[in-house]
Amino acid sequence: MTEITSPTATIDPYAPGAPASPRHFLNHLNPLAKVGAVLPAMVLLIFVRDLATPLLFFALSYVLLLIGARITPRTAALLFLAVPLGVVMIGFGFSIWVDAGGVDDTAPFLQIGGWTLFTGAVQIGFATALRLAAILALALIGGLTTTGPDLVRASIQQLHVPYRIGYTALAAYRFVPRFGYELNVIRAAHRVRGHGAGGLWGGRGPFARLARGWGYIVPLLAGAIRHAERVALAMDARAFGAHPTRTERHLVPFRTCDTVFIVLFVAASAVVFSLTFPWQL
């Protein structure tokens, strides 16, 4: 009975984890340095149309992640299974949508009956897919090595974002793991009471799961309202927002190594763009 009624433990993505090893230098950089270093390349990649430029940035991002980030099995599955599979699927998907009239002077790549997929269409489709993958890989440099609280603290301390906005947004994001835990508790309570076990929509199958899902909405909404009220009272009891500034318990400094990382990455991006130069003059 304990195995049925106990809710599954939910991991808080904003909870402090084990300290990163010193060789994982990306985890020790300021979050704003990682965002500022990759942002120019991400913006310029929107306007490229070749294959070489996004492929080089894709490889550069992966090298940085493999050297300077802590790779978990879940992260490895994302990097080496999900992303390549997504590139292949998106590449072929965009290839099909390319107007054949503009690429019919290239060699046929695939022919089914009267329909022909030209090599030029495949090139355009995979150029688009690689561009999206390169932008995603650049975003993962900061996304996989930065926690939400550190990004908020750095934005408040270095960018002078009002702390009322920063910490309120962080409190809202922390609702997500709380909702997951509440949903598991509600599901366990329904199972122990035999809710949905019989009737027209009882048992297994997609319709039964949909019918049971409707029963989770009201208690989940009630739990969300109670949790929001408790958070609001706790923030009010601590005089949150009463003063224009506040002291910080955890400092996220912007050090020399952060500046060096930005300069080196921007220089590497400039070298890649100068080698490929994907724009027509």
Side-chain angles (χ1 to χ4, degrees), residues 26 29 31-69 71 75-146 151 159 258-281:
L26 289 176
L29 293 175
L32 298 180
K34 290 176 275 191
V35 173
V38 302
L39 190 59
M42 293 173 67
V43 173
L44 291 176
L45 277 171
I46 299 174
F47 304 100
V48 305
R49 295 294 181 268
D50 65 328
L51 288 168
T53 305
L55 190 59
L56 287 174
F57 275 106
F58 186 79
L60 176 62
S61 303
Y62 268 49
V63 169
L64 275 176
L65 288 172
L66 290 176
I67 294 175
I71 304 298
T75 304
L78 170 67
L79 294 177
F80 300 108
L81 291 178
V83 174
L85 183 60
V87 169
V88 173
M89 295 177 63
I90 295 174
F92 277 110
F94 276 108
S95 301
I96 296 172
W97 284 98
V98 173
D99 183 14
V103 292
D104 56 358
D105 56 339
T106 60
F109 180 82
L110 179 65
Q111 193 165 11
I112 302 175
W115 176 79
T116 303
L117 179 63
F118 293 96
T119 306
V122 175
Q123 183 177 355
I124 294 173
F126 274 88
T128 305
L130 281 173
R131 186 163 68 251
L132 295 174
I135 293 173
L136 173 63
L138 289 171
L140 289 177
I141 292 176
L144 294 177
T145 59
T146 304
L151 180 60
L159 297 182
D258 300 309
T259 305
V260 171
F261 177 76
I262 293 176
V263 172
L264 290 179
F265 195 90
V266 171
S269 302
V271 170
V272 171
F273 282 118
S274 63
L275 288 176
T276 59
F277 201 77
W279 301 286
Q280 298 290 336
L281 291 179

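In this text, all values refer to a predicted model and were calculated from it rather than measured experimentally. FYI, the numbering just counts along the sequence from 1.
Distance check: Leu29 CG to Thr145 OG1 gives 7.5 Å after rounding to the nearest 0.5 Å. Annotation: the span from Leu138 atom CG to Ser269 atom OG amounts to 7.0 Å, rounded to 0.5 Å. The CG atom of Leu78 lies 6.0 Å from the CG atom of Leu140; values are rounded to the nearest 0.5 Å. One finds the CG atom of Leu55 at 13.5 Å from the CZ atom of Arg131 (value rounded to the nearest 0.5 Å). Within the model, atoms CG of Leu26 and CG of Leu144 stand 9.5 Å from one another, a figure rounded to the nearest 0.5 Å. Once rounded to the nearest 0.5 Å, the distance linking CG of Leu32 with CG of Leu159 reads 4.5 Å.
For Ser274 (side chain) and Val271 (main-chain N/O), a donor-acceptor pair under 3.5 Å exists by modelled atom type. No donor-acceptor pair closer than 3.5 Å links the side chain of Thr276 to the backbone N or O of Thr53.
With a 4.5 Å cut-off on side-chain heavy atoms, Phe118 and Asp105 do not count as touching. In this structure, Phe265 and Ile141 have side chains that are in contact, with non-hydrogen atoms separated by less than 4.5 Å. Counting heavy atoms from C-beta on, the side chains of Ile124 and Ser95 never come closer than 4.5 Å. Residues Ile135 and Ile46 are in side-chain contact: their nearest non-hydrogen atoms beyond the backbone lie under 4.5 Å apart. Residues Leu110 and Thr116 have side chains not in contact (no heavy-atom distance under 4.5 Å, counting atoms from C-beta outward). Inter-residue side-chain proximity for Val87 and Leu85 is flagged as unmet; no heavy-atom pair is nearer than 4.5 Å.
Taking all atoms of both residues into account, the shortest heavy-atom contact from Ala137 to Leu65 is O-CD1, 4.5 Å. The nearest pair of heavy atoms linking Gly142 to Thr146 is O-OG1, 2.8 Å. Across every non-hydrogen atom of Pro54 and Val48, the tightest pair is CD-CG2, 4.3 Å. When all heavy atoms of Ile262 and Ala37 are compared, the closest pair comes out as CA-CB, 4.0 Å.
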inquiry  = Set out, in order, the CA-CA distance, both residues' side-chain angles and the distance that settles side chain to side chain contact (heavy atoms under 4.5 Å, CB included) for Thr106 and Asp104, then state yes or no.
reply    = CA-CA 5 Å; Thr106 60; Asp104 56 358; over 6 Å; no
message = Apply side chain to side chain contact (heavy atoms under 4.5 Å, CB included) to residues Leu136 and Phe58 and explain how you reach the verdict.
response = CA-CA 9 Å; Leu136 173 63; Phe58 186 79; over 6 Å; no
*Pair Phe92-Phe126, ring pair (Phe, Tyr, Trp, His ring centres under 6.0 Å): steps then yes or no*: CA-CA 7 Å; Phe92 277 110; Phe126 274 88; 5.2 Å; yes
If you apply the rule side chain to side chain contact (heavy atoms under 4.5 Å, CB included), what do you find for Phe261 with Lys34, and how did you get there? CA-CA 8 Å; Phe261 177 76; Lys34 290 176 275 191; 4.3 Å; yes
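The number of heavy atoms from other shown groups lying within 6.0 Å of CH2 (Trp115) is above 12.
The six-membered or imidazole ring of Tyr62 lies away from that of Phe57, with a centre-to-centre distance of 6.0 Å or more.
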